[in-house]
Amino acid sequence: MAQQETQEGVDQIIEEVPRRGVSRGFLLTLLLIAGLAVGGYFAFLNFIQPQMEANQQGKPLEVPGSKFAEKEPREMGVMYPLEPFLINLARSNGKQYLKVSLTLELSSPEVRPEVKANEFKIVDSILLLLSSKTREDVISLQGKFKLKDEIATRVNRFLVMGHVKDVYFSEFIVQ
């Protein structure tokens, strides 16, 4: 009985004495923080610092092996913005619509008066094209590029002195 009381007393003292060892969770947390610090330093040296230096020198960052590094910047043509289009999509029974804001890039400044003179015909042609599209036609990236080409082709039918080089979407909402 005395041994049992002594053993219970020892167990009670052991439970009250705080553990002095370092827990495994604390070591893992410390190791994770150190790894993040080293990774952040590596990212700063290899990605952020070269961009900062290029910005300070006023020249664009050149990435070796990039397909964009060799190309000369393309000169933009004359821009002609059109009013936004809001149309019901085909086969949606009025439940789905498309809102598109676009800008035409013209081949030369001389084309602007010709576009202005034919703007009603151009808008009508684009409206008919957009209203013939279904949600599936315009939701994918390929569908958007195809739509840009179709718009440029339709507008170019009305132009004699020049042409539309490209079409840019500034707003494209399908709902």
Side-chain angles (χ1 to χ4, degrees), residues 35-36 38-175:
L36 288 173
V38 169
Y41 181 70
F42 175 79
F44 175 76
L45 287 180
N46 291 313
F47 301 111
I48 298 171
Q49 189 176 21
Q51 290 178 353
M52 290 172 52
E53 289 172 0
N55 284 341
Q56 287 175 350
Q57 295 172 359
K59 55 184 173 183
L61 177 66
E62 302 247 346
V63 179
S66 170
K67 65 181 180 178
F68 301 110
E70 299 92 33
K71 290 186 178 180
E72 290 292 321
R74 186 171 80 103
E75 194 170 314
M76 296 295 287
V78 177
M79 298 301 197
Y80 191 91
L82 294 173
E83 292 292 321
F85 294 90
L86 181 62
I87 58 103
N88 291 323
L89 291 170
R91 296 191 299 240
S92 71
N93 296 326
K95 295 180 181 176
Q96 295 179 330
Y97 68 89
L98 170 67
K99 182 176 182 183
V100 178
S101 296
L102 56 95
T103 300
L104 306 174
E105 181 182 4
L106 307 176
S107 60
S108 66
E110 292 80 29
V111 184
R112 181 181 278 278
E114 191 175 9
V115 172
K116 183 101 172 130
N118 291 305
E119 188 167 359
F120 292 111
K121 294 177 186 175
I122 291 169
V123 168
D124 179 62
S125 181
I126 294 172
L127 276 172
L128 290 173
L129 173 67
L130 293 175
S131 64
S132 71
K133 299 295 180 184
T134 63
R135 183 179 195 280
E136 291 75 29
D137 293 337
V138 297
I139 200 71
S140 69
L141 184 61
Q142 294 90 357
K144 289 178 179 74
F145 281 115
K146 183 179 177 191
L147 184 61
K148 287 172 70 164
D149 291 339
E150 290 174 346
I151 291 171
T153 301
R154 283 192 178 226
V155 174
N156 284 331
R157 290 181 190 161
F158 299 105
L159 304 178
V160 178
M161 297 172 58
H163 64 280
V164 172
K165 290 169 47 175
D166 207 348
V167 176
Y168 299 100
F169 295 129
S170 55
E171 185 177 34
F172 200 97
I173 300 172
V174 179
Q175 192 167 352

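- If you take NZ on K148 and OG1 on T153, they are separated by 13.0 Å, rounding to the nearest 0.5 Å.
- Under a 3.5 Å cut-off, the side chain of K144 and the backbone N or O of I139 do form a donor-acceptor pair.
- Interatomic distance, H163 NE2 to E105 CD, rounded to the nearest 0.5 Å: 8.5 Å.
- Using a 4.5 Å heavy-atom cutoff, the side chains of S92 and R135 are not in contact.
- Among residues at least two apart or in separate chains, there is no salt bridge (charged side-chain N to carboxylate O under 4.0 Å, His left out) pair with a member in residues 116-127.
- Residues passing the side chain to side chain donor-acceptor pair (under 3.5 Å) test with D137, sequence neighbours excluded: T134.
- A distance of 7.0 Å separates CG in L159 from CG in N118, rounded to the nearest 0.5 Å.
- No side-chain heavy atom of I126 sits less than 4.5 Å from a side-chain heavy atom of R154.
- Contact detail for S131 and L128: the closest heavy-atom pair is OG-O, 3.2 Å.
- E136 pairs by the salt bridge (charged side-chain N to carboxylate O under 4.0 Å, His left out) definition with nothing, not counting sequence neighbours.
- To the nearest 0.5 angstrom, M79 atom CE is 10.5 Å from R112 atom CZ.
- You'll find the side chain of F85 reaches within 4.5 Å of the side chain of V123, heavy atoms only.
- Remark: F145 engages no residue in a ring-ring contact (aromatic ring centres under 6.0 Å, His included) (not counting sequence neighbours).
- By the side chain to side chain donor-acceptor pair (under 3.5 Å) test, S108 pairs with E110, sequence neighbours left out.
- Not counting sequence neighbours, the partners of E171 by the side chain to side chain donor-acceptor pair (under 3.5 Å) test are S101.
- Shown here for K165 and S107, the closest heavy-atom pair between the two residues is CD-CA, 3.6 Å.
- The line from CG of L86 to CG of L130 is 10.5 Å long, rounded to the nearest 0.5 Å.
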Requested in this report: Run the numbers on V174 and Q96 for side chain to side chain contact (heavy atoms under 4.5 Å, CB included), then give the verdict.
Outcome: CA-CA 7 Å; V174 179; Q96 295 179 330; 5.7 Å; no

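- I87 places none of its side-chain heavy atoms less than 4.5 Å from the side chain of V100.
- Under the 4.5 Å side-chain criterion, counting only non-hydrogen atoms from C-beta, L147 is in contact with L129.
- T103 places none of its side-chain heavy atoms less than 4.5 Å from the side chain of V167.
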**Report entry** Derivation of the side chain to side chain contact (heavy atoms under 4.5 Å, CB included) call for L98 and K133
**Finding:** CA-CA 9 Å; L98 170 67; K133 299 295 180 184; 5.7 Å; no

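- The main-chain N or O of V164 is found under 3.5 Å from a side-chain atom of N156 such that the two form a donor-acceptor pair.
- Of the possible polar contacts, none joining the S125 side chain to the I122 backbone as a donor-acceptor pair under 3.5 Å is found.
- At a threshold of 4.5 Å between non-hydrogen side-chain atoms, the residues Y80 and V111 do not count as touching.
- From Y97, atom OH reaches atom CG of N88 across 10.0 Å, with rounding to the nearest 0.5 Å.
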